[in-house]
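Data first, discussion second: the structure below is written as structure tokens.
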Amino acid sequence: MLRRTHTCGELRDAHVGQTVRLNGWVNAYRGHGTGLVFIDLRDRFGVTQVVFDGEALPKDTLDTADHLRNEDVVAVEGRVRVRAGGENPKLATGKIEVEVTTLEVLNKTANPPFLPDDTGGGGKLANEELRLKHRYIDLRRPSMQHAITTRHKVYQATRRYFDENGFLEIETPILYKSTPEGAREFLVPSRNIPGNWYALPQSPQLFKQILMVAGCDRYMQICRCFRDEDPRADRQAEFTQIDLEMSFVRREHVIEMMEGFVRRLWKEMTGYAVPPIPVMPYREAMERFGIDRPDTRYGLEIADISEIAARSDAGFFKEALAKGADRPKFNSQRGVVKALRVPGGAEKLTRKMTDGYNEFVRSFGAGGCAVVKVNAAGELETGIAKLLAPVKDDLKAALGLTPGDTVLFVADTYAVCTKAMGELRQVVARDTGVVPKPGSEGGPWNFLIVVDFPMFEKNKDTGKWVAMHHPFTAPRDDQAEAFVAASVDDENTIESIVSAGYDIVLNGQEIAGGSVRIHDPRVQSKVFTLLGLTPEQAKEKFSFLLEALQYGAPPHAGIAFGLDRLVMNFLGTSNIRDVIAFPKTQIGQDLMTGAPGPVTDEQLKDVHARAIRP
RNA sequence: GGGGCGGUAGCUCAAUUGGUUAGAGUACCGGACUGUCGAUCCGGUGGUUGCGGGUUCGAGUCCCGUCCGCCUCGCCA
């Protein structure tokens, strides 16, 4: 084989006169038959034009060259020369060409189902289903090579940063024990212990805490996690986390370390210097933006107008406000009325759109979405304007209304209203064109750290408390005593306890989340009690961690970044499959390998399992 | 589990209210061509319209079911 001396992206006019060898794929054929053939040769480094000149070559070489086709794999040897036909400014190597003296066809291709061209060979990309089936061809596309390379750089920058800061990279088991809380798990039957199963980890949570007890001090791992839940555009059942844990730290120390990581990563990947990241309490995020991961690239803040609404003539406002009126402010079951002022909405929002919003908020359990417009005279009109007449001046002042605005109202319990408004805000932002381009396309990178999450929330269906983060999340340091002292039946107090958890949010997307962990046994047992676990059940599920925590556990805290989402941000894609070499489809199939596939009865017998076939 | 969009030559798409032999570009095969760079020109091969049923004189088109892909709600401690 004529092994390459250079890559296809390397040669410049400085190489003119040198004899070189290139290996690669035929990216394009431009033949003039009897006398002259051009081939663009591609590898992951670039494209170089090689030329076969009939006058200088044996007939059979020219003949072979004339039959080269896209995706054939070849090796050539020849001399670098300035292009006789003029420069091609589209190519980095466009000033030169290689005049071939020897051609070796390393592999003729079958006719490929599509070409790995970012323009689809002159048209659109082949559909994703086909590209996933022949992933090895799709991955040859320059933009996919770029994605893979970008992901590689994120790995390397991550390892450098955490190595410099004293973290040890430690692997944790993939065959793990089932912990039925949280996401549905993938199960693996045991051959040696009949009737028992491993589970694939949703995250290495318990192991990383154990590593702190084990004195490892600082742990990091770029690890695969598995959650058998339905995917989304930015979510796969199988995904990658940058998983971290630190000993002898409190919340602010972890946040400082993570902010340093974000700053380093963005500097290396984009050149952008991340400014100090603002910290916002969960409560404030919910009040102003209706969501725990607010997109702060635009305004459109939500206002609580409950007090004003109570004095209006709108019966449905009063009805909503009557709900849970005896509960404290911000209690999830207490009725509220919220308003969203849409600047210029009178013009930007059509009747059809606002009707759509009405339906939209209903999907989150709200009764509907009321609308008023502010006319040129500054008066409220249309929709529920008449019902608001008694409070119009208060409303104008509270919301800062100006002519041309539209105001959207939702009235319901705090939980429903906040959720509906938060979602509505994002839709309205898109509809009115106030969402900037992503950072990777020149728009802002807006980072935010959200803290002070509630420890617990009520499950809608069962009415039981569930941990908002996970059962090992500590209360904020100043809340621990109140938490331990609180009665299990005191819902209002339990709901008000905030945790020492933290999320990092980028442009409205959660890119990392973590917490300080419980190392006080009193707090831990209180958490289990609230979650409805008896000491025996808790021991059964988490025995090894609980046991370990008894033997000298240092205070510790950690966090995990969603690596796939980080890479997506650097690439400016909203499709997680673009950043995973071998992704799965919506129903978890790998279209290339055909996984998941059937197994034989013999295999099942081996692992003491039987299939229930539909 | 629910909602939405889609599936027609290898690929990207078209095909009037249901109406003649389902077309075009590209790829592929053959031919011409010594400076192309999405090469060009000429000719040709290529179809169970995802699959199954139904309505109809007649279905790519309408109806029912089903499979697959994507988006989304639920779900994702």
Side-chain angles (χ1 to χ4, degrees), chain A residues 27-40 47-57 62 66-67 69-71 83-91 93-94 97 99 109-115 117-134 137 179-185 202-203 205-206 225-237 239 359-360 362-365 419 423 427 453 455-457 459-461 464-473 499 501 510 513 515 527 531 541 562 574-577 584-587 589 591:
Chain A
N27 197 51
Y29 158 90
R30 294 180 294 277
H32 296 256
T34 53
L36 186 67
V37 171
F38 297 97
I39 296 293
D40 286 343
V47 172
T48 301
Q49 173 168 286
V50 302
V51 56
F52 300 82
D53 189 333
E55 284 184 3
L57 285 172
L62 191 74
D66 195 38
H67 285 87
R69 290 297 177 262
N70 287 331
E71 302 313 307
R83 284 189 180 214
E87 181 180 348
N88 181 353
K90 291 180 193 166
L91 295 180
T93 60
E97 64 190 2
E99 183 189 10
T109 179
N111 187 20
F114 60 95
L115 294 177
D117 184 325
D118 279 323
T119 64
K124 292 161 70 176
L125 285 180
N127 80 53
E128 195 172 7
E129 192 173 354
L130 189 77
R131 288 187 284 119
L132 288 173
K133 186 172 177 192
H134 303 276
I137 296 175
T179 53
E181 277 78 30
R184 192 178 298 115
E185 298 172 318
Q202 300 171 34
S203 83
Q205 182 59 38
L206 272 47
C225 302
F226 305 89
R227 296 177 190 175
D228 189 6
E229 301 290 349
D230 289 347
R232 291 289 181 274
D234 62 351
R235 209 170 81 189
Q236 285 251 314
F239 64 101
E359 279 308 305
F360 182 72
R362 281 165 175 272
S363 70
F364 300 102
K419 167 82 173 164
E423 297 296 330
V427 172
F453 292 86
M455 288 275 286
F456 303 96
E457 54 189 357
N459 180 297
K460 287 190 293 287
D461 303 324
K464 289 182 180 169
W465 291 113
V466 291
M468 196 157 173
H469 190 51
H470 59 60
F472 310 105
T473 300
S499 77
E510 182 191 331
S515 64
V527 169
L531 296 180
K541 282 175 198 263
S574 55
N575 180 353
I576 195 171
R577 296 176 299 280
K584 292 186 168 58
T585 68
Q586 294 261 322
I587 55 171
Q589 290 196 83
L591 295 180

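Per chain, numbering begins at 1; letters A, B, ... match sequence-line order.
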Is the ring of F38(A) stacked on the base of U36(B), with centres less than 5.5 Å apart and planes under 30° off? yes

Any donor-acceptor pair under 3.5 Å from E71(A) side chain to T109(A) backbone: no

Phosphate contact (C73(B) OP1 or OP2) by R232(A) side-chain N/O below 4.0 Å: yes

Rounded to whole angstrom units, what separation is found between the CD atom of E55(A) and the P atom of G35(B)? 11 Å

Between R30(A) and U36(B), is there a contact of a side-chain N or O with OP1 or OP2 at under 4.0 Å? no

Less than 3.5 Å between a donor and an acceptor, one on the side chain of R227(A) and one on the base of C75(B), is that the case here? no

Do the side-chain N or O atoms of Q49(A) get closer than 4.0 angstrom to the phosphate oxygens (OP1, OP2) of U36(B)? no

Expected output: side-chain Q236(A) to main-chain P231(A) donor-acceptor under 3.5 Å: no

With no angle test and no hydrogens, is the base of C75(B) tied to the side chain of R235(A) by a donor-acceptor pair under 3.5 Å? yes

Quick one: the side chain of N88(A) and the base of C37(B), do they pair up donor-acceptor inside 3.5 Å? yes

Under 4.0 Å, heavy atoms only, any strand: does G86(A) hit a base, just the sugar-phosphate, or nothing? base

For C11(B), does either OP1 or OP2 sit under 4.0 Å from a side-chain N or O belonging to N127(A)? no

Pick base, sugar-phosphate or nothing for A233(A), based on heavy-atom distances below 4.0 Å to the nucleic acid. sugar-phosphate

Nearest-nucleotide 5' precedence on RNA chain B, L36(A) against N70(A): N70(A)

If you measure from the P atom in G6(B) to the same atom in G10(B), how many Å do you get, rounded? 23 Å

Looking at C71(B), I'd like to know if its phosphate oxygens (OP1 or OP2) sit under 4.0 Å from a side-chain N or O belonging to R577(A). yes

If only atom types and distance count, is the side chain of E185(A) paired as donor or acceptor with the main-chain N or O of Q202(A) below 3.5 Å? no

Using heavy atoms to find the nearest nucleotide of RNA chain B for D66(A) and D40(A) separately, return the residue whose nucleotide is more 5′. D66(A)

Should Q589(A) be listed as having a side-chain N or O under 4.0 Å from OP1 or OP2 of G69(B)? yes

Quick one: label A237(A) by what it contacts on the DNA or RNA (base, sugar-phosphate, nothing), any heavy atom closer than 4.0 Å. nothing

Nearest listed nucleotide, side chain of K124(A), among C13(B), C68(B), A39(B): C13(B)

So what does R69(A) touch, heavy atoms closer than 4.0 Å: a base, only the sugar-phosphate, or nothing? sugar-phosphate

What's L91(A) touching, base or sugar-phosphate or nothing? Going by heavy atoms closer than 4.0 Å. nothing

Taking only N and O in the side chain of K90(A), is any of them less than 4.0 Å away from OP1 or OP2 of C37(B)? no

Re G19(B): Watson-Crick or G-U wobble partner, both distances kept under 3.5 Å, found to be C57(B)

Mind calculating the distance between CG (N111(A)) and P (A9(B)) to the nearest angstrom? 15 Å

Taking atom C1' in both U55(B) and G18(B), compute the distance separating them and give it to the nearest angstrom. 11 Å

Reckon E128(A) touches a base, only the sugar-phosphate, or nothing at all at heavy-atom distances under 4.0 Å? sugar-phosphate

Which residues pass the side-chain contact (heavy atoms from CB on, under 4.5 Å) test with E129(A), sequence neighbours left out? N127(A), L591(A)

Just to be sure I understand the rule, does E97(A) reach a base, reach only the sugar-phosphate, or reach nothing, if contact means heavy atoms closer than 4.0 Å? base

Do any N or O atoms from the side chain of R235(A) and from the backbone of D230(A) form a donor-acceptor pair under 3.5 angstrom? yes

